[in-house]
Structure formats: C-alpha cells, structure tokens
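Computed from a predicted structure; not experimentally measured. Numbers restart at 1 for each chain; the letters A, B, ... are given by sequence-line order, proteins then strands.
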Amino acid sequence: MLQLNIIRDNKDEIIRRLTKKNFKVEIIDQVISIDADRRKTQAELDAIKAEGNIISKQVGELMKAGKKAEADDLKNKSIALKESEKSLQNSLNKFEEETYQLLVLIPNLANDQVPAGKTPEENKIVFTHGEIPTLPANAKPHWELASQYDLIDFELGNKITGAGFPVYKGKMARLQRALINFFLDRATAAGYLEIQPPILINKDSGFGTGQLPDKEGQMYHCGVDDLYLIPTAEVPITNIYRDVILKAEDFPVMNCGYTPCFRREAGSYGSDVRGLNRLHQFDKVELVQLAHPSKSYDVLEQMREYVAGLLKDLELPFRTLLLCGGDMSFASAMTYDMEVFSAAQKKWLEVSSVSNFESFQANRLKLRFREGTEKPQLAHTLNGSALALPRICAALLENNQTPDGIRIPQVLRSYTGFDIIN
RNA sequence: GGAGAAAUGGCAGAGUGGUCGAUCGCGGUAGUCUUGAAAACUAUUGACUGUAAUAGGUCCGGGGGUUCGAAUCCCUCUUUCUCCGCCA
C-alpha cells in the first residue's frame, strides 16, 4: 500500500511511475480529493472534541466547588455537542473507508530501471548461464522418468488428497530432503538466520504481506479456525516484523526458512500443470531481507547473485529476467525472475522470483526503523525464492538423464548419499 | 477441555471515575564535572494524526457500552500465567 502523504505530495511522479505498470491513474485524483474532504472533516471533528474536553474539565472543577447548577448547564451544552460530533464522526468514517478502498487498489510504483511492457515477452533477459543440453531424441520428460524409476506417484497423491499433491518416494524423497538441506546450509553460510515459522497464518498476517483481501481465493482456508495455509514462507517470516520499530543498525535483517507452500492455483490447466510444473503443495526455501531504503537495491542485486550461484552449483542452465512493468506483481517495485531450462520439455521454468517491495509491504506491516533519535520511517522489504523445489527437480531429472540413470550433481552428493538414480 | 488470576510507555511497575499521555525506577539521549572514561548530578526521553509553524485530536491487549468526563465501571473477544484433565 502506498503512503497517502506521498501520493499527495508527489502526484505527478506517482502517475508517471504507475503508468508503467499499466495502471489506470484516475484513481489517484479520486484519492486526493476524498483525502482533502477527510482532512477537513477531521479538523472540524477535532475542534468539537477539543471544546468537549474543555467543558468536561470545567464540569469537574464546578462539581468539586459544589456549584451543581452551573455544572448541569455545561453538561447540557456538552450533550448538544455530542450530536454534531456523532455526525462528523460518521462522515469521517465514510471518507476513511473510501480512501482505504481506493488505496488498496493502487499497485506499487515501478522502479525507473524497470522496462516498459505489458506481457512476459517484453521482459528483459539480463543474464544467461550454461549450455542448453542436447538430449537424445528419445529423451523423456520428468513425469515419465519419475514413473520409470518409481520416484513420484501422481496417482497416489490423487487418491490421498487430489490432483496437484504428488507422493515422492525413495531416492526422490531423499533428493528433495537433500535440496532443502543444501539450500538452508548455503543460506545460513551467506548470513541468513534460519527460521521455522508456522505454516498457518491469521488474517492480519495475510493482510500484512498483501495476500488479503484481494487474493483470498489463492490460499487454502481452514474455516473452523479462520486460518490460511501459507502460499510461501514470505508471509509468516515477513510478519515477524509487523508493528516493529527497528534500529538503523539492525540492518540488514536476513532471514531464511524452509516451508511447504500451498496454492489453490484456481483456473490453471494444460501442459503448464503437467508433472511437477505446477502443484498445489510444494517445498521451498525462501529468503527475506529488511533493508535501509538507501541500500535496498544493492540488496536486490546481492540476492539475485546469490540465487544465480545456487543454480550454477546445481549445474543447471538458467537465465535471469528483469520483469517489465506489466508482468510484475502488484506489490513489487522491481523483480528478477530466474528460469532454468528443462531440456526434455524444452521449456524455461521459473524457479525463483527476487523482488524489492520498497516500503509497499512495510506500510501495511507498520514495519519501521529509527535512525538515531529521528522519527521512525518505513523500512524496505525484499524476498526471493532460493529455491522452489519441484521445477528444480524437473530440470535435474530431465537434464541429467543418461542410459544408465539420472546423474546427481556433485554438490548434492554428500546430501543424497548416492550419485545416480537408477 | 474445566477452574482461577492477569494484560499499562524500550524494560520493570504505580495508578479503581475529573489538570493521567499517565508517579517512581532502569534503560536511551543531551549537558555539567573530568585530560578522557566511569560514577555522581541536571535536563530530556512513546506512537499515530494534524498545521506553514504553533495549536488541536487519538492511543493504557482488541472491539463495543455507561458517563458531561474512563487506564479506572459494564459487556465481549484475544492472549498470558497458575491449578486440574487429556496428549506427541
């Protein structure tokens, strides 16, 4: 959520940067106009309250002095004030509600480095690494390899739960556990504090990171207790810092966490959801950083390079995209997507998304920091996947298939305890 | 799940209807003293909103109510603690 006073004071720049995100900017004028009404009403209400406060104080003094009749006069005056107070309060509430309803519709501003564009085709490829493997003509997609080596049972998951909840078995289960440990060890070595958060969250947390109220349908909801299954560890980890005032010297705050993630993914279909490409439950290690506003773009680059390092070590060909304005998420100011090439499907699969939210989330979270004795100001939040497992597994299976089995990258062997799946 | 107690500023802890946004202490900040530091002493020290700047308004776990006036009374929710029960 953008800060109202910034919209008020920098209208032209706000409009310019929102246009890049293909946002209809008429809302900005509406917000500013309703806010003006709101502040006028607030001033009137405050004046009446001030008067009421003075009267109450005088009543107290008169009562103490035993002047009951005079006190009663003032009481009546105060009761009369209550009427106008009530009606002003009602219109104030109305203005506040209207302002809020508009504010939550406004996406974050795109950073100036973000390329213009509306569709994924207009994303900018900023980096590519690794050779695209040339597989033999009879190379198999990962779902066939999974069944050939008895690694993943999609039917069984269907029986236990439903589509999109696969069952991993034997060496595949072990490979996933190895990946989780590898990712966590690397993150910890890079300075991230490992967090094991709850995977059910309440409404306040969903609101803090922006899943609620708009994207309610994308989360699984436990009705009896009114809790949501997390779509990503970003939600519980970032919410650790809701309503917190940090000290400037606390930066950078670096957290990482492994969690299962749950996504309803309503409306998805076709070859995009085949095999491991898109699931309702999957595992992910997530990075969250809180940064000083002057440093957050350095942190973004640092996180991007960190994720690239993981992919290099996993020996996977990948590319980094700088998302164009139209393809970025609602809350992001700048996002890099990392995609690995899955050689049998001949597809680029997104395995990580690294974003700087600037103060957009922090404003909702009331996540602030204090510089010396100055007033608190909003911190910047960033996060990135490092990494999401299923698509990494898809690429590992497909790219490393040989007639003798599936080769495990060197860096994982101490974690898996085997070097080939056969 | 049952019974009882509690929730106040960074921490600790007063305050049971009228100058209480809140005593005192610790911590923090600034100053005095000192070559410097410590100690001591003095002052200062919450957030939100709002104004050109003052002023003003709101906040004592959350929400609602009573009252001219509530941290203080009432209702309700949440959380924590103690005891009992159950349990990995």
Taking C-beta and beyond as the side chain, do [X] and [Y] meet within less than 4.5 Å on heavy atoms?
X         : Y         : value
Asp337(A) : Thr335(A) : yes
Gln42(A)  : Leu92(A)  : yes
Lys247(A) : Arg370(A) : no

Please give the distance between the [atom1] atoms of [N] and [M] as a whole number of Å.
N      : M      : atom1 : answer
U8(B)  : A40(B) : C1'   : 32 Å
G15(B) : A6(B)  : P     : 13 Å
U23(B) : U19(B) : C1'   : 15 Å
G63(B) : U78(B) : P     : 15 Å
A37(B) : U51(B) : P     : 43 Å
A39(B) : G27(B) : P     : 8 Å
U54(B) : C59(B) : P     : 22 Å
C60(B) : C73(B) : C1'   : 16 Å

Taking the side chain of [X] as its heavy atoms from C-beta onward, which of [options] lies nearest to it?
X         : options                : value
Ser56(A)  : A47(B), U58(B), C68(B) : C68(B)
Arg368(A) : G57(B), G50(B), A47(B) : A47(B)
Lys82(A)  : G69(B), C48(B), G57(B) : G69(B)
Ala50(A)  : G56(B), C48(B), C68(B) : G56(B)
Ile79(A)  : C68(B), A47(B), G57(B) : C68(B)
Ser78(A)  : C68(B), G57(B), U51(B) : C68(B)

Integer-rounded Å distance: [N] [atom2] and [X] [atom1]:
X         : N      : atom1 : atom2 : result
Leu246(A) : G46(B) : CG    : P     : 19 Å
Leu81(A)  : U67(B) : CG    : P     : 16 Å
Asn76(A)  : G69(B) : CG    : P     : 12 Å
Glu51(A)  : A55(B) : CD    : C1'   : 15 Å
Arg8(A)   : G50(B) : CZ    : C1'   : 9 Å
Lys57(A)  : G57(B) : NZ    : C1'   : 13 Å
Ile54(A)  : G56(B) : CD1   : P     : 9 Å
Leu45(A)  : U49(B) : CG    : C1'   : 12 Å

Quiz item: So which one's nearest nucleotide on RNA chain B is more toward 5', Arg370(A) or Arg38(A)?
Solution: Arg370(A)
Quiz prompt | Position toward the 5' end of RNA chain B (nearest nucleotide), Lys49(A) or Lys75(A) | solution = Lys49(A)
Tell me whether the side-chain N/O atoms of [X] come closer than 4.0 Å to OP1 or OP2 in [N].
X         : N      : value
Lys247(A) : G28(B) : no
Asn53(A)  : G69(B) : no
Asn5(A)   : G50(B) : no

Quiz item: Taking atom types as modelled and ignoring hydrogens, do the side chains of Gln361(A) and Thr381(A) form a donor-acceptor contact shorter than 3.5 angstrom?
Solution: yes
Quiz item: When you check the side-chain N and O atoms of Ser205(A) and Arg242(A), is any donor under 3.5 Å from an acceptor?
Solution: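 Yes.
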Exercise. Scan Asp72(A) against the nucleic acid and name what it touches under 4.0 Å (heavy atoms): base, sugar-phosphate only, or nothing.
Key: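 Here Asp72(A) touches no strand at all.
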Exercise. Please name the residue in the list Leu179(A), Leu184(A), Leu387(A), Leu310(A) that meets the side-chain contact (heavy atoms from CB on, under 4.5 Å) test with Val285(A).
Key: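 Only one of Leu179(A), Leu184(A), Leu387(A), Leu310(A) forms a side-chain contact (heavy atoms from CB on, under 4.5 Å) with Val285(A), namely Leu184(A).
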Quiz item: For the side-chain contact (heavy atoms from CB on, under 4.5 Å) test, which of Thr161(A), Asp153(A), Leu279(A) pairs with Pro166(A)?
Solution: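 It is Leu279(A), the one option of Thr161(A), Asp153(A), Leu279(A) that forms the side-chain contact (heavy atoms from CB on, under 4.5 Å) with Pro166(A).
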Exercise. Would you confirm whether the ring centroid of Tyr220(A) sits within less than 6.0 angstrom of the ring centroid of Tyr228(A)?
Key: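 For Tyr228(A) and Tyr220(A), the ring centres are not under 6.0 Å apart.
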Quiz item: Can you tell me which stems RNA chain B forms when a stem means 3 or more consecutive Watson-Crick or G-U pairs under 3.5 Å?
Solution: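 If one scans RNA chain B for consecutive Watson-Crick or G-U pairs, the stems found are B:1-7 with B:78-84, B:27-32 with B:40-45, B:46-49 with B:56-59, B:61-65 with B:73-77.
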Quiz item: Do Asp46(A) and G57(B) have a side chain to base donor-acceptor pair shorter than 3.5 Å?
Solution: no
Exercise. Test the Arg364(A)-Phe207(A) pair against the cation-pi criterion, namely NZ or CZ under 6.0 angstrom from the six-membered ring centroid and within 45° of the ring axis.
Key: yes
